[in-house]
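To start, the structure under review is shown below, and the notes come after it.
These numbers were taken from a predicted model, which means no experiment stands behind them.
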Amino acid sequence: LKDGELQMQDAMTGMAVTVSRLNANTGRVTFDQPFDVSMSARVEGGNPRFDAGLTGQGLLRLNPSAKRYSAQKLDLRMEGQIPGAQAKVLTARGNVAFNGATSSLDVAGLEMFFQGDVTEPSKMSGVEASLLVPRLSIDPHKTQLQLEKAAVRAKGALPDGPFELALDAPGLAISPSAASGDGLTGRVRAQGIDASFGLNGIGGNAYELDAKEAKFDGTFKQGDI
């Protein structure tokens with residue numbers, strides 16, 4: 001596909017998006033067989049506001065009859081105005097598989113990175129944020145969730161000063177019969193606040209989660225107080 005264009009409009013929400021300068025190359029497209037895809041395009045629209053360049057590549061596998069879709073070695077990149085932010089760069093890499101019959105999602109080696117300014121819901125400038133998810137499995141039909149070593153990092157500037165955020169979830173497994181986790185830890189620094197928190201001994205089950213210990217430690221400073 002060379003220099004193509006797509007126009008999409010949602011009459012209920014008023015959202016309208018135009019995908020222009022669309023260039024795409026694929027390998028042999030056969031259902032339930034992996035094939036290479038590389039593409040580039042310009043995305044423009046309003047409500048929410050879009051004006052960004054998009055490039056991507058990956059190894060796709062489509063099985064519409066079984067409602068199974070996957071993308072391996074996925075590598076996406078956007079630059080420009082996206083909903084709620086002005087992105088110098090927004091990247092996503094990893095492997096994703098979706099089963100539409102069960103609404104289950106499997107993610108492996110996911111890495112997301114954002115650099116730019118955030119305009120909504122609050123203004124933040126010079127933001128650098130990352131998300132690492134080595135493994136995530138969600139199956140709503142079985143009420144199961146598995147998460148391994150997820151990590152969130154963010155820093156930048158609020159109107160009143162700099163901020164930093166760190167969040168780590170080393171492991172979490174939830175099912176109807178049991179729940180367990182290696183704990184959840186986090187730290188926030190912003191506007192005179194320096195707080196750390198954690199949850200340990202996660203147990204129970206998918207319908208009633210509990211934690212043996214919750215920790216919170218923080219300081220607050222305003223002016224010379």
Side-chain angles (χ1 to χ4, degrees), residues 5-22 39-58 71 74-94 96 98 103 105 107 109-134 136 138 140 145 147 150-169 172 184-199 216 218-223:
E5 182 172 307
L6 292 173
Q7 293 186 347
M8 298 171 286
Q9 184 169 0
D10 188 328
M12 294 184 66
T13 64
M15 182 180 69
V17 174
T18 298
V19 181
S20 60
R21 288 178 269 168
L22 177 58
M39 56 87 68
S40 64
R42 189 75 190 178
V43 183
E44 298 174 281
N47 192 29
R49 177 63 178 160
F50 251 117
D51 187 5
L54 170 66
T55 59
Q57 60 183 17
L74 188 65
D75 189 345
L76 298 176
R77 182 185 181 97
M78 294 191 77
E79 299 174 352
Q81 179 70 47
I82 61 176
Q86 179 69 35
K88 290 183 179 179
V89 60
L90 173 62
T91 62
R93 298 185 178 93
V96 180
F98 177 72
S103 298
L105 177 68
V107 175
L110 177 64
E111 299 180 7
M112 298 184 68
F113 177 76
F114 170 83
Q115 184 180 40
D117 299 327
V118 175
T119 55
E120 295 179 6
S122 60
K123 291 185 177 181
M124 295 179 282
S125 60
V127 176
E128 291 186 3
S130 64
L131 169 66
L132 300 178
V133 183
L136 170 65
I138 302 174
L145 180 147
L147 177 66
V152 176
R153 297 289 185 271
K155 64 180 181 179
L158 292 163
D160 295 332
F163 77 90
E164 290 184 29
L165 169 68
L167 182 65
D168 292 279
L172 183 65
L184 174 71
T185 60
R187 185 169 187 172
V188 178
R189 296 178 178 176
Q191 298 176 329
I193 298 173
D194 187 347
S196 59
F197 56 88
L199 288 175
F216 179 85
T219 59
F220 176 76
K221 183 177 181 180
Q222 184 175 10

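Note that OG1 of T55 and CD of E79 are 7.0 Å apart. Values are rounded to the nearest 0.5 Å. Taking OG from S40 and CG from L22, the interatomic distance works out to 7.5 Å, rounded to the nearest 0.5 Å. Within the model, atoms CD1 of I138 and CG of L105 stand 5.5 Å from one another, a figure rounded to the nearest 0.5 Å. Expressed to the nearest 0.5 Å, how far CD of Q115 lies from OG of S130 amounts to 11.5 Å. Here the CD atom belonging to Q57 is positioned 12.0 Å from the CZ atom belonging to R77, to the nearest 0.5 angstrom. Taking CD of Q81 as the start and CD of E44 as the end, the distance is 12.0 Å to the nearest 0.5 Å.
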* Go through the steps for Q7 and Q9 under the test side chain to side chain donor-acceptor pair (under 3.5 Å), then give the verdict. => CA-CA 7 Å; Q7 293 186 347; Q9 184 169 0; over 6 Å; no
*Applying side-chain contact (heavy atoms from CB on, under 4.5 Å), run through L54 and M39 and close with a yes or a no.*
CA-CA 8 Å; L54 170 66; M39 56 87 68; 4.0 Å; yes
Item to complete: Please lay out, stage by stage, how V188 and I193 fare under the test side-chain contact (heavy atoms from CB on, under 4.5 Å).
Response: CA-CA 7 Å; V188 178; I193 298 173; 5.5 Å; no
Inset, instruction - Report the C-alpha separation of F197 and L167 in whole Å, then their side-chain angles, then the decisive distance to 0.1 Å, and conclude whether the side-chain contact (heavy atoms from CB on, under 4.5 Å) test is met. - result: CA-CA 9 Å; F197 56 88; L167 182 65; 4.0 Å; yes
Notebook entry, point to check: Checking side-chain contact (heavy atoms from CB on, under 4.5 Å) for the pair F50/I82: CA distance, chi angles, key distance, verdict?
Noted result: CA-CA 5 Å; F50 251 117; I82 61 176; 4.0 Å; yes
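Closest approach of L184 and D168 over heavy atoms only: CD1-O, 3.3 Å. When all heavy atoms of A52 and M78 are compared, the pair lying nearest together is CB-CE, 3.8 Å. Nearest heavy-atom pair, T91 versus R93, reported as atom, atom and distance to 0.1 Å: OG1-NH1, 4.0 Å. Contact between A87 and F114 at its shortest, heavy atoms only, is CB-CE1, 3.6 Å.
A donor-acceptor contact shorter than 3.5 Å links the side chain of R42 to the backbone of D51.
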What donor-acceptor contacts under 3.5 angstrom involve side-chain atoms of residues 118-126, with partners at least two apart or in another chain?
| from | atom 1 | to | atom 2 | distance (Å) |
| --- | --- | --- | --- | --- |
| T119 | OG1 | G84 | O | 3.1 |

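Put simply, the side chain of D194 reaches to within 4.5 Å of the side chain of R187, judged on heavy atoms.
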